[in-house]
Amino acid sequence: MAPAQSSWSKQLDPYRLKSEASELWSSYFRARFNSPREVALFCDVSFQTALNWWGAVTSPASHIALLMLLTDPGSADFFHSEVGRAA
């Protein structure tokens, strides 16, 4: 049996994380908000942008990621859990 890896930096493949980011964000927005319209209003983006995030077409820019981390105390745990299951 192989020993468990000791750090996230050794467990996470940056290329895989990048390719799966839109699905992760879609899951997060669906868990936190009731609709793309709520996402658009909260994040101050167009409805089309929120719809793209909701549907995992694209993922948000870093300032939106910071907004979510700073306004939702459970966001880090959500992503940690989601990425941990996929790793």
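Looking at Trp25, Phe33, Phe29, Tyr28 one by one, the single match for ring pair (Phe, Tyr, Trp, His ring centres under 6.0 Å) with Trp53 turns out to be Phe29.
Residue Phe42 comes nearest to Thr71 through the heavy atom pair CZ-OG1, 3.6 Å, listed as atom of the first residue, atom of the second, then distance. Closest approach of Leu24 and Phe78 over heavy atoms only: O-CE2, 4.1 Å. Scanning all heavy atoms of the two residues, the minimum distance from Leu67 to Cys43 falls at CD2-CA, 4.1 Å. Nearest heavy-atom pair across Val83 and Leu17 is CG2-CD1, 4.1 Å.
Ser22 is not listed as a side-chain neighbour of Thr58, based on a closest heavy-atom distance of 4.5 Å or more. Met68 is not listed as a side-chain neighbour of Pro60, based on a closest heavy-atom distance of 4.5 Å or more. Contact check for Val57 versus Gln48: no side-chain heavy atoms found under the 4.5 Å cut-off.
In this structure, CZ on Arg30 lies 5.5 Å from CH2 on Trp54, to the nearest 0.5 angstrom. Separation of atoms OG (Ser46) and CG (Asn52) is listed at 7.5 Å; rounding is to 0.5 Å. Atom-to-atom distance recorded for Ser59:OG and Lys18:NZ is 9.5 Å, nearest 0.5 angstrom. Here the CG-CD distance, from Asp77 to Glu82, works out to 11.5 Å after rounding to the nearest 0.5 Å. Distance check, rounded to the nearest 0.5 Å: CD1 of Ile64 to CG of Asp44 gives 8.0 Å.
Side chains of Arg32 and Ser27: a donor-acceptor N/O pair is absent below 3.5 angstrom, by distance only.
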